[in-house]
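Below is one structure, written out as structure tokens; the observations come after it.
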Amino acid sequence: SLTDKLSLVFKKLRGHGKLTEQNIQEALREVRMALLEADVHFRVVKDFIESVRGRAVGEEVMASLTPAQQVVKIVHQELVTLMGSENRQIRLSGNPPVPLMFVGLHGCGKTTTVAKLARLLKGNGRVPYMVSADVYRPAAVEQLHTLASQIEVDFYEPHQGEEPLEICKKAQDNAVRRGCDTLLIDTAGRLHFDEILMDELREIKRVIPPKEILLVADAMTGQDAVNIAKSFNDQLGIDGVILTKMDGDARGGAALSIRAVTGSPIKFIGVGEKIEAIEAFHPDRMAARILG
Amino acid sequence: FSGRGAIDQDLLDELEEFLITADLGIRTASRLLEAIQDRTKSKDCDSPEKVKEVIQREILEILKAGERPVHIDQKPFVFMVVGVNGVGKTATIGKLAKYYQNGVERIIFAAADTFRAAAIEQLEIWAHRAGAQLIKHHRGADPSAVAYDAVHASRARSADLLFIDTAGRLHTQVNLMEELKKIKRIVRREMPQAPHEVLLVLDATTGQNAIAQARLFHEALEVTGIALTKLDGTAKGGIIVAICQELGIPIHYVGVGEHLDDLHPFNAEQFIQALFA
Ligand SMILES: Nc1nc2c(ncn2[C@@H]2O[C@H](COP(=O)(O)OP(=O)(O)OP(=O)(O)O)[C@@H](O)[C@H]2O)c(=O)[nH]1
Ligand SMILES: Nc1nc2c(ncn2[C@@H]2O[C@H](COP(=O)(O)OP(=O)(O)OP(=O)(O)O)[C@@H](O)[C@H]2O)c(=O)[nH]1
Ligand SMILES: [Mg+2]
Ligand SMILES: [Mg+2]
């Protein structure tokens, strides 16, 4: 673990008497390594290490009898501060049906996550309506409908040849007619630099407009997390993030990268394939996981 | 010529950032930079371009060892396609059928993902696109039973190729990894030497977790090749360097899009060109 590695660093340094700033450099190198191994982006790590350096060379470490634990404590605290946020709820105020749009790269778990959230909302007494605006992926609509039926939530049946924007507008009308109070829009996986597909999302944003745009991201994403998040945020504005497949053993450094470049809070985590497998995001647990 | 020392460090830092942001990982990046230290100290390695060439050659050596083509030398030649959730297994099967369609008369897909919503329907559409036949049961059926039927159908219909699609699963889910082992056992019991290719699909946007995925799937099933998908994105897929070096698993294919033609055999030179682009 990081604490063990740091203990080793300080053990061989302590033999030389009082700790120096140079000693702390070595400790911070171990921290840097841990964060990079956890897939935190290179630049985000650089900035983060700089931000903790001040505390790391301060009295709380230098004068400590357990400097290794102190450094880890500081790093952990700084990570929690970075990833913490008060607005981790999805905003549901405004005229019903409140539209929520889910976006992200291919295969990150959008469709499954939409269903998971619909179930949660229903459990909280809301009346969700689901729609798939994915006209590309084979059987995408069937997938969403199967899940919707499983949780007994109403969904929009698209007509042959309907385009995504049309589908969203009609779904919105239907949701109004049926007295639903939340509209969950599943979109097709797309690359963040695909102009045509990003335009499609911009149009839906312009016309609907969604109360929240949620970026769904895979916890095992590597350095590319920064490109994806920045691009989606610059082009659309991201109100919140849902990190999926957290039931795996990926350290999840993407969480820090995404938070650092977008400033958006992580609101939920996906913790399995089953429809119940969604939980609130806890920054302290995430920090411990990233540090390994 | 002491000014050169400072330039070297900046260049090495730059290279380290480049390698890490390409998902090679800090350990592989450090190993590579160390390995080229001696070569770059010589006086004919006097420019950033020269240093870049040295590191490219080093990576090429690692990846070249992973460039071993698949020989379709059995009939039916059986692919078992595995990997974690959402990486592109089902789409890759569709693309592989297209890739191998020349001179091939009959291709069969086995819908052994009996768990996920609309998994069978999704594979059915790909089968239609690729001109393949589909063996399926109902959702919730035993995947080994589907595999069993598919092997027998392949033999009975003299199929050239059989692709077994499996449900996504995390390498950490022990019972699901056992399920895969069982599918492989059943296939091998019904057809000696099959599956001839145990293809692990990895997503190029994945970070260091890909190494754990490769390791555990390999331990469970003896992976014979990797398909690296979504290389059409901005991710560089550098994780395959460590996988090649540490696990010795060949990279057989790369996926570069969502359509039937978006699959190529892995080529180390092209991969490195794209990596350094
Ligand atoms: N283990 C695990 N699997 C998940 C989780 N969320 C989604 N999945 C699985 O990930 C795979 C992809 O999920 P989808 O919902 O189809 O992903 P998507 O983003 O809609 O995919 P595209 O529409 O093709 O872009 C499926 O096998 C899901 O069951 C999670 O939190 N944990
Ligand atoms: N851009 C791009 N998208 C891809 C590629 N390969 C697959 N995809 C997309 O990734 C998503 C997931 O593909 P699937 O074939 O459903 O993946 P899977 O591994 O079978 O997923 P599960 O069965 O749910 O585990 C789909 O939207 C595919 O179109 C690729 O090479 N490039
Ligand atoms: Mg989807
Ligand atoms: Mg699949």
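Reckoned from all heavy atoms, side chains included, excluding hydrogens, waters and symmetry mates. Every value quoted in this text rests on a predicted model; they were computed, and no experiment measured them. Chain identifiers are assigned alphabetically (A, B, ...) following the order of the sequence lines, protein sequences preceding nucleic acid strands; residue numbering begins at 1 within each chain.
Looking at B:Q213, the atoms closer than 4.5 Å to chain A (heavy atoms on both sides) all sit in the side chain, from C-beta outward. Both the backbone and the side chain of B:T21 come within contact range of chain A, with heavy atoms under 4.5 Å apart. For B:I20, the parts lying near chain A are the backbone and the side chain together; criterion is any non-hydrogen pair under 4.5 Å. Both the backbone and the side chain of A:D249 come within less than 4.5 Å of a heavy atom of chain B. Only the side chain of B:A212 comes within less than 4.5 Å of a heavy atom of chain A; its backbone N, CA, C and O stay farther away.
With hydrogens and angles ignored, the 3.5 Å screen pairs no side-chain donor or acceptor of B:T114 with any backbone N or O of B:D142.
Ranked by heavy-atom pairs under 4.5 Å with chain A, the first of B:E124, B:K236, B:K230 is B:K230. When B:R27, B:Q122, B:Q208, B:E17 are compared by the number of non-hydrogen pairs under 4.5 Å with chain A, B:E17 comes out ahead. With respect to chain A, the highest number of heavy-atom pairs below 4.5 Å among B:T90, B:T205, B:L170, B:T234 belongs to B:T234. Note: B:G86 leads B:G86, B:G238, B:S30 in heavy-atom pairs under 4.5 Å with chain A. Heavy-atom pairs under 4.5 Å with chain A were tallied for B:E258, B:Q173, B:E121; the largest tally goes to B:E258.
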Next on the checklist: Using side chain to side chain contact (heavy atoms under 4.5 Å, CB included), reason through B:F163 and B:I107 one step at a time and then give a plain yes or no.
Outcome noted: CA-CA 8 Å; B:F163 293 93; B:I107 301 177; 3.7 Å; yes
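Scanning both residues, A:M130 and A:L144, for their nearest heavy atoms gives CE-CD1, 3.6 Å.
With sequence neighbours left out, B:E219 forms a salt bridge (charged side-chain N to carboxylate O under 4.0 Å, His left out) with no residue at all. Residues meeting the salt bridge (charged side-chain N to carboxylate O under 4.0 Å, His left out) test with B:E16, sequence neighbours left out: A:R32.
A salt bridge does not link B:K95 with B:D262: every distance from a Lys NZ or Arg NE/NH1/NH2 to an Asp or Glu carboxylate oxygen is 4.0 Å or more.
The aromatic rings of B:Y100 and B:Y253 sit perpendicular to each other, their planes meeting at more than 60°, with 30° as the lower class boundary.
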